[in-house]
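Written out below as structure tokens is the structure these notes cover.
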2 protein chains.
Amino acid sequence: MATGRTHRPATRSRGIPEATVARLPLYLRALTALSERSVPTVSSEELAAAAGVNSAKLRKDFSYLGSYGTRGVGYDVEYLVYQISRELGLTQDWPVVIVGIGNLGAALANYGGFASRGFRVAALIDADPGMAGKPVAGIPVQHTDELEKIIQDDGVSIGVIATPAGAAQQVCDRLVAAGVTSILNFAPTVLNVPEGVDVRKVDLSIELQILAFHEQRKAGEEAAGDAGAVPPVAARKQQPATDQGPDGDVPAVMPA
Amino acid sequence: MATGRTHRPATRSRGIPEATVARLPLYLRALTALSERSVPTVSSEELAAAAGVNSAKLRKDFSYLGSYGTRGVGYDVEYLVYQISRELGLTQDWPVVIVGIGNLGAALANYGGFASRGFRVAALIDADPGMAGKPVAGIPVQHTDELEKIIQDDGVSIGVIATPAGAAQQVCDRLVAAGVTSILNFAPTVLNVPEGVDVRKVDLSIELQILAFHEQRKAGEEAAGDAGAVPPVAARKQQPATDQGPDGDVPAVMPA
DNA sequence: ATGTCTTTGTGAACGCGTGCACAAAGATGG
DNA sequence: CCATCTTTGTGCACGCGTTCACAAAGACAT
């Protein structure tokens with residue numbers, strides 16, 4: 001019960017695959033750097049290297065946007081910057097509210113990467129009345145009571161949640177009710193949102209845990225005496241049966 | 001040239017798919033919450049709802065770890081918490097260094113989600129000599145000069161980069177040279193690392209740009225009067241020739 | 001012991017994303 | 001105008017991840 005939409009059903013936005021959309025900002029960044037160095041054109045090979053991807057993938061990605069390259073030459077940097085910006089919707093202004101001005105919220109408010117793209121911090125919001133009026137990154141913090149008013153007055157459609165986990169769902173509900181349809185969630189919780197609302201989450205703890213997994217694996221393999229780079233990758237199905245008892249058996253540390 | 005490893009070649013760690021590994025922390029969090037409420041067992045359906053995923057996917061994920069459930073009953077919460085923790089390598093202590101103690105670095109240092117898992121902040125490092133000795137989150141900041149010594153003394157294998165983009169690669173190189181083999185990168189740059197080093201990146205700006213794309217799409221579809229879900233998706237190859245000049249021409253909005 | 005009922009574990013089908021490899025397009029030089 | 005050379009755009013095949021749907025496994029009641 002209560003299986004509210006949580007994952008975007010991958011509606012396959014236009015023709016553009018989600019994986020490609022996720023890479024466009026990467027290309028844009030590399031292109032912007034080239035633009036600042038006044039480089040007129042760039043080949044798929046060069047740009048791919050700068051963005052850290054495969055050149056074939058890059059060309060396929062661009063092919064979804066249209067035929068913007070010139071065979072034998074490459075891509076016009078300025079033109080491509082514009083096309084990608086337009087595709088991502090960065091040619092317009094996106095007012096954003098940040099809710100929860102703790103350490104992380106303040107860091108976000110100060111982050112320069114927002115303004116340089118089309119993003120503008122419309123308001124900083126915190127539940128602590130003591131914070132009200134205190135300027136962070138040159139913007140006075142406002143109390144949660146003002147949330148609905150701000151969103152409606154400024155036509156905010158993107159909200160950033162940087163509150164503790166306990167408050168996140170409640171904040172999310174209020175944001176959505178007030179008209180926000182895209183949410184960037186930094187709180188370590190699964191947010192429940194109605195259909196049509198996009199949620200992306202950034203979870204520091206999860207990223208570290210994934211790294212720990214790989215780290216452990218490296219250590220384990222090393223201990224196994226396998227010094228070479230690429231170990232017998234495929235077909236390793238056996239369980240670490242040497243570890244503890246057989247399947248059903250419970251290792252030392254156990255439930256009460 | 002210099003196409004150093006940047007993406008993990010999906011070495012397919014053990015039998016466990018990368019996608020599954022990425023979800024394990026999610027399950028772990030949901031299970032921990034249940035554990036705190038002293039819930040003894042949980043069905044795949046319930047747990048899947050709590051973690052915001054499909055129940056079939058969850059069962060398949062768990063099947064990679066082994067047969068830890070009981071048919072007709074579900075999964076033993078405590079047991080599963082242990083198994084996942086062990087699989088992720090959280091039963092051991094992971095010392096972590098955070099480099100770049102600006103707003104974001106400070107936020108990370110204060111983030112509680114680390115300690116609760118097996119992660120311990122071994123050191124905070126900043127290039128600014130004025131920061132040296134100043135305590136952040138109860139830990140005195142140390143100067144970059146100490147970096148190598150700290151890593152070797154504490155056996156640090158995970159590093160977090162929260163520096164400006166310009167310094168990231170240099171910091172990365174030093175971390176790797178000193179023995180770090182997993183890096184969590186918050187700087188908006190593509191990091192170049194040798195084989196065997198894992199990099200995960202968290203990019204605030206990119207996440208917002210992806211949201212903007214979907215937001216623009218929603219707005220566009222609404223304006224097109226297309227209330228239905230799936231618009232004529234495929235086969236849109238024509239350029240927006242009505243927009244501006246031909247290929248080489250640069251539209252109005254442009255960088256300096 | 002036997003039957004019923006719940007829930008897991010997984011075989012199989014499908015769709016998306018990736019990468020190879022090459023034909024077509026255009027630039028450039030003679 | 002033709003030949004050559006570079007680089008794009010993409011058809012195709014492959015592998016990973018997701019989902020469905022169901023048989024097998026066990027709990028529980030009688």
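Every chain is numbered from 1, with letters handed out A, B, ... down the list of sequences. The shown structure was predicted, so the numbers you read here are calculated from the model rather than taken from an experiment.
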| field | Pairing of R29(B) and D203(A) as salt bridge, 4.0 angstrom limit | value | yes
| remark: From the candidates dC20(D), dG17(C), dG9(D), the one with an atom nearest any side-chain atom of S63(A) is dG9(D)
| field | First of T20(A) and V42(B) reached from the 5' end of DNA chain C, by closest nucleotide | value | V42(B)
| query | Expressed in angstrom and rounded to an integer, what is the separation of L47(A) atom CG from dT7(D) atom C1'? | reply | 14 Å
| query | dT19(D), dG9(C), dG9(D): which one has an atom nearest the side-chain heavy atoms of K57(B)? | reply | dT19(D)
| note | Which of dG17(D), dT8(C), dA21(D) is nearest the side chain of A56(B)? It is dA21(D)
| Gap between atoms CD and C1', on E18(A) and dT18(D) respectively (whole Å) | 16 Å
| request: Give a yes or no on whether Q92(B) atom CD has more than 12 heavy-atom contacts from other residues, nucleotides or ligands under 6.0 Å away. | output: yes
| remark: To the nearest angstrom, the CD-C1' distance between E45(A) and dG19(C) comes to 13 Å
| said: Determine whether a donor-acceptor pair (one donor, one acceptor, N or O, separation below 3.5 Å) exists between the side chain of R71(A) and the base of dT7(D). | reply: no
| query | Which part of the nucleic acid, if any, lies within contact of F62(B), taking any heavy atom under 4.0 Å across all strands shown: a base, the sugar-phosphate backbone alone, or nothing? | reply | nothing
| query | Which nucleotide in the set dG19(C), dG17(D), dC20(D) lies at the smallest distance from any side-chain heavy atom of N54(A)? | reply | dG19(C)
| message | Heavy atoms from C-beta onward define the side chain here; which of dG26(C), dG17(C), dA12(C) lies closest to that of T70(A)? | response | dG26(C)
| field | Gap between atoms CG and C1', on D76(B) and dT7(C) respectively (whole Å) | value | 15 Å
| query | Any side-chain heavy-atom pair from H214(B) and E18(A) closer than 4.5 angstrom? | reply | yes
| said: Tell me whether the side-chain N/O atoms of R23(B) come closer than 4.0 Å to OP1 or OP2 in dT18(D). | reply: yes
| said: OP1 or OP2 of dG9(C) versus the side-chain N and O atoms of Y75(B): is any pair under 4.0 Å? | reply: yes
| query | Can you tell which of dA21(D), dA21(C), dC20(C) lies closest to the side chain of R59(A)? | reply | dA21(C)
| Per the atom types in the model, does the base of dT18(D) pair as donor or acceptor with the side chain of K60(B) at under 3.5 Å? | no
| field | Length of the line joining L58(A):CG and dT7(D):C1', which is rounded to integer Å | value | 13 Å
| Under 4.0 Å: is that the gap between some side-chain N or O of Y64(A) and OP1 or OP2 of dC16(C)? | no
| said: With nearest nucleotide decided by heavy atoms, which residue, G74(A) or D61(B), maps closer to the 5′ end of DNA chain D? | reply: G74(A)
| task | Could you check I183(B) against R200(B) for side-chain contact (heavy atoms from CB on, under 4.5 Å), going step by step and ending with a plain yes or no? | result | CA-CA 6 Å; I183(B) 291 177; R200(B) 294 191 67 86; over 6 Å; no
| request: Determine the sole option in Y27(A), Y68(A), F62(A) for which the ring-ring contact (aromatic ring centres under 6.0 Å, His included) test with Y75(A) is passed. | output: F62(A)
